[in-house]
Visitor: 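Please find one structure pasted underneath; my questions will follow.
Keep in mind the model is a prediction, meaning the values are calculated, not measured. A, B, ... follow the sequence lines: proteins, then strands. Residue 1 opens every chain.
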Amino acid sequence: MPPMRTRFAPSPTGALHVGGVRTALFCQLMARHSEGSFVLRIEDTDRKRSEERFTEGILESMRWLALDWDEGPHFQSQRTPLYRDAIEKLVASGAAYRCTCTAEELQTHREAAKAAGTRISYSRHCRPGVGPGPVEGKPASLRIAVPLEGEVVFYDEIKGRIGFAVEEIEDFVIARSDGSPTYQLVVAVDDADMAITHVVRGDDHVNNTPKQILIYRALGLEPPKFAHLPMVLGADKGRLSKRHGAASVLEYRELGYYPDALVNFLARLGWSHGDQELFTRAELVEKFAIDDVNPSAGVFNAEKLDWVNAQYLRARTPEELAGDLREFARREENRELRGDEAWQSRMVETLRERASTLKGLLDSARYYLDEDLIFEEAAVKKLLVPEAAPLLDALIARLEALPTWDAPGLEETFRAVAEERDQKLGKLAQPVRVAVTGGKQSPGIFDVLEVIGRDWSLARLRTGVEMCGARSDPG
RNA sequence: GGUCCCAUCGUCUAGCGGUUAGGACGCCGGCCUCUCACGUCGGUAACGCGGGUUCGAUUCCCGCUGGGACCA
């Protein structure tokens, strides 16, 4: 068996979205699994809608996700001679014929066909031996002479047998009257030229497949195998759009998702391997098989993506995670984190269990990184009450005398103060938490205090005491 | 409207004629506990409908219904 060759062929008319990423991923996995090649081709034939910035965005997205390609990117806009040759060949062999029907004439034919109940919308007016033929001297488009009877059948790697009665396929255009090739022609010629063995693409191309097979045949070539991936749907089972989250996968980078996590999540959307949920890249390559892909469309479940990302995030060591966070803060928020790497690692260690993305992690680190606190009103109202003041005062006195500032020592002090005052630990810990973090939830308070450090901690506790008093005296 | 595709918990899925229909996310509850989270234990929840085929259908076949894609 010759080595497998797959391709991903996006058109640069927009950003790469999650559906496209999944297609690219499956193409890459198939190729890698069989030690074949993964080709990247940019379908920029639509000059009006194609923009270079989209091409750059697509390449950037693929690099970010490590969807590395082995060949390309090839640009269709640079391959016109190839298409011209193919067109000439098709005309010479009689597989394609000139059509001089005008738009108005075509419209008339369509209406007539509709009235007659015929399914084909083009009358084959210009087809030799069928209609009156083309008008000489007029600009002509080129159409494929589709066989008049039979069926075009292919065996989809995911969906199985798919057949189209030839009556359903009109004599489609392969070159416009200005000589420019159409999508169907270009795709088939490129796939053939690049020796693609497996065309893996979205479901929305199923209807194009018989036409492309016809072109292959007309060119005397053996068609490749096809695999049509089901669509990725939004939460409302409609087409994925901005309302469902990101239009561009790069937005997931901005939100602090790991590329491997997004890839893992997308791999599991439509594909599975037993009960396994988490896969390394190597496992994906090893275990991926196109016939394990589910034929039905799948809904993009953002909550599950969060969970997957959280798994990846927690698998990082504190040191690695601190590095990830530094890089993220620099890239997305253009800022440097406070403190040295050891301190940052310690900080991140306290936060990692409750974050699912780097952005979430960074946002939750405010009370470590910024000197000014943002207080949650409800928390202040509930916990920084007059009764808490004496407890806090007692704690502050003890803490000031503490020789070393670390979590075990802090815990000992807290317990001692609570016991002295005959209070549960929570009665002390909760007001402290609000005073030093501004809110009711945080990592363990001793760790928080240790990371915040003596100076900021004591200052915040003193402010906290004042806040208790201020509330007791509304005047 | 035509053609094509699809159909198991809310979601992602396992299942490939005989299962108490399994796992994961989410959700709910217990435990842990200074709060939240993590962890852990438990719970909730599905074979769209109707015909066949078969001793037996979630599973195979045919309709229907419902989604979706493409073309018009």
Side-chain angles (χ1 to χ4, degrees), chain A residues 19 106-107 110-111 113-114 117-122 152-154 156 158-170 172 201-211 228-240 264-278 291-311 313-314 349-356 360-361 364 376 379 382-383 407 410-411 414-415 417-418 423-434 436-437 439-449:
Chain A
L106 291 174
Q107 183 62 29
R110 244 193 300 279
E111 277 159 19
K114 203 173 172 184
T118 320
R119 287 187 286 188
I120 289 294
S121 59
Y122 176 59
V152 181
V153 176
F154 64 98
D156 191 275
I158 294 169
K159 297 172 188 292
R161 184 190 187 279
I162 299 178
F164 289 84
V166 110
E167 289 78 26
E168 303 296 340
I169 308 168
E170 69 171 349
F172 56 98
R201 72 219 314 192
D203 228 349
D204 45 345
H205 287 291
V206 172
N207 294 283
N208 292 327
T209 304
K211 294 179 181 174
H228 288 95
L229 300 172
M231 301 277 95
V232 177
L233 273 25
D236 57 0
K237 302 206 178 193
R239 219 181 176 139
L240 212 52
N264 190 149
F265 168 77
L266 254 14
R268 276 289 287 101
L269 178 53
W271 173 81
S272 63
H273 185 79
D275 286 341
Q276 190 172 349
E277 296 288 347
L278 269 13
D291 33 89
D292 289 332
V293 173
N294 196 315
S296 59
V299 173
F300 184 90
N301 184 185
E303 283 160 347
K304 183 138 185 189
L305 171 61
D306 282 349
W307 177 81
V308 173
N309 201 66
Q311 303 310 306
L313 193 144
R314 281 169 209 150
E349 198 177 5
T350 71
L351 259 15
R352 60 197 296 215
E353 297 298 331
R354 54 219 96 204
S356 59
L361 185 68
S364 72
E376 188 191 317
K382 184 170 180 202
L383 291 158
L410 289 161
E411 174 159 11
F414 267 66
R415 293 198 184 278
V417 172
Q423 293 284 350
K424 283 189 156 179
L425 188 56
K427 282 288 177 194
L428 181 57
Q430 279 303 82
V432 169
R433 174 167 281 117
V434 177
V436 301
T437 71
K440 275 189 289 196
Q441 298 110 37
S442 82
I445 194 63
F446 315 122
D447 291 318
V448 168
L449 288 169

Visitor: Both distances below 3.5 Å, Watson-Crick or wobble geometry, any strand: find the nucleotide opposite G18(B).
Guide: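 By the stated definition (distances under 3.5 Å), C55(B) pairs with G18(B).
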
Visitor: For the residue pair Arg314(A) and Glu353(A), what are the closest heavy atoms and their distance?
Guide: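 Closest heavy-atom pair between Arg314(A) and Glu353(A): NH2-O, 3.3 Å.
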
Visitor: Tell me the closest heavy-atom pair linking Val153(A) and Arg161(A), and the distance in Å.
Guide: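 So the minimum-distance heavy-atom pair works out to CG2-NH2, 3.4 Å.
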
Visitor: Quick check: does any side chain N or O of Arg268(A) sit under 3.5 Å from a backbone N or O of His273(A), one acting as donor and the other as acceptor?
Guide: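 Between the backbone of His273(A) and the side chain of Arg268(A) there is no qualifying donor-acceptor contact (under 3.5 Å).
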
Visitor: Could you please name the partner base of C70(B), counting Watson-Crick and G-U wobble pairs only when both distances are under 3.5 Å?
Guide: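 Its partner is G2(B) (Watson-Crick or G-U wobble, both distances under 3.5 Å).
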
Visitor: With the sugar-phosphate defined as primed atoms, P, OP1 and OP2, and the base as all remaining atoms, what B/S/- string results for nucleotides 7-14 of chain B, 5' to 3', for protein heavy atoms under 4.0 Å?
Guide: S---BBSS

Visitor: Could you tell me the separation between the CG atom of Leu361(A) and the CZ atom of Arg352(A), rounded to the nearest 0.5 Å?
Guide: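 Those atoms lie 10.0 Å apart.
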
Visitor: Students often get this wrong, so: under 4.0 angstrom with heavy atoms, is Gly163(A) touching a base, only sugar-phosphate, or nothing?
Guide: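 It contacts sugar-phosphate atoms only.
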
Visitor: Using purine N1 to pyrimidine N3 plus N6-O4 or O6-N4 for Watson-Crick, or N1-O2 and O6-N3 for G-U wobble, both under 3.5 Å, which nucleotide pairs with G63(B)?
Guide: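 Answer to the pairing question: C49(B), which forms a Watson-Crick or G-U pair with G63(B).
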
Visitor: Applying the Watson-Crick and G-U wobble criteria at under 3.5 Å, what pairs with G10(B)? Answer none if nothing qualifies.
Guide: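 Matched G10(B) with C25(B) under the 3.5 Å cut-off.
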
Visitor: Can you tell me how far CG of Leu449(A) sits from OG1 of Thr350(A), rounded to the nearest 0.5 angstrom?
Guide: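 The distance works out to 11.0 Å.
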
Visitor: On RNA chain B, does the nearest nucleotide to Asn207(A) precede the nearest nucleotide to Leu305(A) from the 5' side, or the other way round? Give the residue.
Guide: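 Between the two, 5'-proximity favours Leu305(A).
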
Visitor: Give me the distance, rounded to whole Å, that separates A24(B) from G63(B) when you measure between the C1' atoms they each carry.
Guide: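 Roughly 35 Å separates the two C1' atoms.
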
Visitor: Please state how far atom CD1 in Ile162(A) lies from atom C1' in C70(B), giving the value in whole angstrom units.
Guide: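 Value for this atom pair: 12 Å.
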
Visitor: Counting N and O atoms only, with roles assigned by atom type, does the side chain of Asp306(A) sit under 3.5 Å from a partner on the main chain of Ser356(A), one being a donor and the other an acceptor?
Guide: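 Here the side-chain-to-backbone pair does not exist.
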
Visitor: Expressed as a whole number of Å, how far does the P atom of C4(B) sit from that of A46(B)?
Guide: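 Approximately 34 Å lies between the P atom of C4(B) and that of A46(B).
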
Visitor: A24(B) P sits how many Å from Leu266(A) CG, rounded?
Guide: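 Result: 22 Å.
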
Visitor: Which letters describe nucleotides 31-41 of chain B, given B = protein heavy atom under 4.0 Å from base, S = only from sugar-phosphate, - = neither?
Guide: ---BBBBS---

Visitor: Let me know the distance between CD1 of Ile158(A) and P of A69(B), rounded to the nearest Å.
Guide: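 The answer, rounded to whole Å, is 18 Å.
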
Visitor: Suppose we define a pair by two distances each less than 3.5 Å, Watson-Crick or G-U wobble; what does U40(B) pair with here?
Guide: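 Its partner is G30(B).
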
Visitor: Taking all non-hydrogen atoms of both residues into account, name the closest pair between Pro230(A) and Pro295(A) and its distance.
Guide: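 It is CB-O, 3.6 Å.
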
Visitor: Over how many whole Å does the gap from Asp156(A) atom CG to C5(B) atom C1' extend?
Guide: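 Spelled out: CG on Asp156(A) to C1' on C5(B) is 10 Å.
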
Visitor: Over how many whole Å does the gap from Lys211(A) atom NZ to A69(B) atom P extend?
Guide: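 Those two atoms, NZ and P, are 18 Å apart.
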
Visitor: Taking atom C1' in both G10(B) and U44(B), what distance in whole Å separates the two?
Guide: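 Rounded to whole Å, the distance is 12 Å.
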
Visitor: Search all heavy atoms of Leu410(A) against all heavy atoms of Phe446(A) and return the closest pair with its distance.
Guide: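 That would be CD1-O, 3.6 Å.
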
Visitor: Roughly, in whole Å, what's the span from NZ in Lys159(A) to P in C70(B)?
Guide: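 The distance from NZ of Lys159(A) to P of C70(B) comes to 13 Å, rounded to the nearest Å.
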
